[in-house]
Number of protein chains: 2
Amino acid sequence: MSLQPLIDHFESYIPLNESEKQLLDDRVTHRQMKRRQAILQEGFPCRHYSFVVEGCFRMYKIDSKGTEHNLQFAAENEWIADIGSFHSGRPSQLFIEAIEPSIILQIDKEDLYFLYTNIPKLDRIFKVIIENKYVELQNRVLQTISSTAQERYLTFLEQYRNLALRLPNTQIASYLGITPEFLSKIRKDIAS
Amino acid sequence: MSLQPLIDHFESYIPLNESEKQLLDDRVTHRQMKRRQAILQEGFPCRHYSFVVEGCFRMYKIDSKGTEHNLQFAAENEWIADIGSFHSGRPSQLFIEAIEPSIILQIDKEDLYFLYTNIPKLDRIFKVIIENKYVELQNRVLQTISSTAQERYLTFLEQYRNLALRLPNTQIASYLGITPEFLSKIRKDIAS
DNA sequence: AAATAGGCTTAAACTAGTTTAAGGTCGGAC
DNA sequence: GTCCGACCTTAAACTAGTTTAAGCCTATTT
């Protein structure tokens, strides 16, 4: 039931006092997930912010042809949620599921809003968290519109080395926006 | 010298009291920009958050071959900044410049941090602003990795209709990650 | 009035990335 | 033990998008 990884995460931004930690303890849910188990499915609103304590998740969309496209991975000490759907309450177009057996801490919308009100520094902490995620995403857009698939793959390996070792190549290809076959060719070209 | 558009913008999230408005008034700078005039140039840290009162801007990168890639446009009532560089103080890789003669309101880093501290609700307001920007960017990534150039162009027209009418097609092509020549072909195909 | 520059289009030759199909390997389920 | 599904690779045929080059139009500068 340990909340400690989440507290450490928050305190890497701003220290919390005991009563704030207690409030968190009351509102955060601990959950074990199996490989392939889903946190979110298309057609349902995203009801939780999920913090990964152990394991790894992916968020993806299935397009009209049935092809999956990975939008984001989240490993230890990262958040994953469909933020748009979470706040609007509208059905999500996305899936979130465990790639490995995982442990997460979840906060639902009502609780998060309660926490924002009662721990004002959480507004600042999440503002910074999401600013960082925004910058990361912006770099990805930049790469996507300005680089070849091979360059994108090499950057991915460099930037998410640990993750890359844990993921099957099909998942990486889907994240890069290319087919697994073409990724295979890129890998061959790089090796030679 | 009117601050009103910015106040209206903030108050669309949370109302401000008079002393808060006064604090803003002391810390916000009004600026007129000519067409093509730059707010930010590669190699310099991004020193301001800029709020567009009137006109239109683009943020872009110049790659190793000298090609420009548009990352973002910002028209009336939108913010534009290289957030990563702003907070880290590191040199930006990006340019921001006016596409039309424009009026902006700017806040520099010291002032913004002062305002965050003295108007705590600004933490929440900017958290929400950036959450919205994040969702928008995420949708763009999704489109980019899962759709053809033609689909992306049609979505752009639908989503940013006003903007599309104000921008030259070369700028739109650069935003979509394609050449102007290919955009021209897409437009021809659509028309027929 | 002429010259220039930015923007839009067309078309032919090219290249990056997809599709389809097949075959191989490995680990888990029955 | 074998069967099945997930994953990786190769290769040939194809398609989406780029490159190069040329020509046209309009607005601005000289």
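Naming convention: chains lettered A, B, ... in sequence-line order (proteins, then strands); numbering from 1 in each chain. Since the structure is predicted, the reported quantities are computational estimates derived from the model, not experimental observations.
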K.L.:
Whole angstrom is fine here: how far is it from CG in Leu167(B) over to C1' in dG6(C)?
P.N.:
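Those two atoms, CG and C1', are 15 Å apart.
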
K.L.:
Mind checking whether Ser184(A) and Asn169(A) have side chains closer than 4.5 Å, heavy atoms only?
P.N.:
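In short, these two side chains do not touch, never coming nearer than 4.5 Å.
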
K.L.:
Among the candidates dT19(D), dG7(C), dG17(C), find the nucleotide nearest to the side-chain atoms of Pro168(B).
P.N.:
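When the side chain of Pro168(B) is considered, dG7(C) is the closest of dT19(D), dG7(C), dG17(C).
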
K.L.:
Which one, dG17(C), dG6(C), dG17(D), comes nearest to the side chain of Ile178(B)?
P.N.:
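Nearest to the side-chain atoms of Ile178(B), counting from C-beta on, is dG17(D).
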
K.L.:
Can you tell me how far C1' of dC8(C) sits from CD1 of Ile172(B), to the nearest Å?
P.N.:
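Nearest whole value for this atom pair: 12 Å.
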
K.L.:
Under a 4.0 Å threshold between the charged nitrogen and the carboxylate oxygen, would Lys127(A) count as salt-bridged to Asp123(B)?
P.N.:
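A salt bridge is present here (some side-chain N lies under 4.0 Å from a carboxylate O).
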
K.L.:
To the nearest Å, give me how far apart CD1 (Ile186(B)) and P (dC8(C)) are.
P.N.:
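In whole Å, dC8(C) P lies 14 Å from Ile186(B) CD1.
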
K.L.:
Return no unless some side-chain N or O of Arg187(A) is found under 4.0 Å from OP1 or OP2 of dC8(D).
P.N.:
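No, outside the criterion.
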
K.L.:
Write down the distance between CG (Leu183(A)) and P (dT9(D)), rounded to a whole number of angstrom.
P.N.:
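Rounded to the whole Å, the gap is 8 Å.
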
K.L.:
Looking across every strand, which nucleic acid part, if any, lies under 4.0 Å from Lys185(A) by heavy atom: base, sugar-phosphate, or nothing?
P.N.:
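Counting heavy atoms under 4.0 Å across all strands, no contact is made by Lys185(A).
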
K.L.:
Tell me: OH of Tyr153(A) to P of dG17(C), nearest whole Å?
P.N.:
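So the OH-P distance, Tyr153(A) to dG17(C), works out to 15 Å.
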
K.L.:
Could Lys133(B) and Glu136(B) be called an ion pair, given the rule that one side-chain N must be under 4.0 Å from one carboxylate O?
P.N.:
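No, no charged N to carboxylate O under 4.0 Å.
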
K.L.:
With a non-hydrogen cut-off below 4.0 angstrom, is Glu181(A) in contact with a base, only sugar-phosphate, or nothing?
P.N.:
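Base, at least one base atom sits under 4.0 Å.
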
K.L.:
Looking only at the side chain of Thr179(B) (C-beta and beyond, no hydrogens), which of the listed nucleotides dT9(D), dT18(D), dA11(D) gets closest?
P.N.:
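Shortest atom-to-atom distance from the side chain points to dT18(D).
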
K.L.:
Are Thr170(B) and dG6(C) close enough that a side-chain N or O sits under 4.0 Å from OP1 or OP2?
P.N.:
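Answer no for this pair, as no side-chain N or O of Thr170(B) is under 4.0 Å from OP1 or OP2.
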
K.L.:
Calculate the interatomic distance between Arg35(A) atom CZ and dG28(C) atom C1'; express it in whole Å.
P.N.:
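The answer, rounded to whole Å, is 11 Å.
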
K.L.:
When you match Thr148(A) and Ser184(B) each to their closest nucleotide on DNA chain C, which lands nearer the 5' end?
P.N.:
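Its nucleotide being nearer the 5' end, the pick is Ser184(B).
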
K.L.:
Take the protein atom CZ of Phe182(B) and the nucleotide atom C1' of dT15(D), then report the distance between them rounded to whole Å.
P.N.:
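In whole Å, dT15(D) C1' and Phe182(B) CZ are 10 Å from each other.
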
K.L.:
So, are Lys61(A) and Glu68(A) salt-bridged, with charged N and O less than 4.0 Å apart?
P.N.:
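Result for this pair is no, no salt bridge flagged.
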
K.L.:
Taking only N and O in the side chain of Asn169(B), is any of them less than 4.0 Å away from OP1 or OP2 of dG7(C)?
P.N.:
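Indeed not, no polar side-chain atom of Asn169(B) lies that close.
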
K.L.:
Just compare dT9(C), dT18(C), dA11(D) and give me whichever is closest to any side-chain atom of Lys188(A).
P.N.:
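Closest of the options to the side chain of Lys188(A): dA11(D).
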
K.L.:
Roughly how many Å is it from CG in Asp189(A) to C1' in dT10(D), rounded to a whole number?
P.N.:
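Rounded to the whole Å, the gap is 12 Å.
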
K.L.:
Taking only Lys NZ, Arg NE, NH1 and NH2, and the carboxylate oxygens of Asp or Glu, determine whether Glu76(B) and Arg166(B) approach each other closer than 4.0 Å.
P.N.:
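The answer is yes: the pair qualifies as a salt bridge.
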
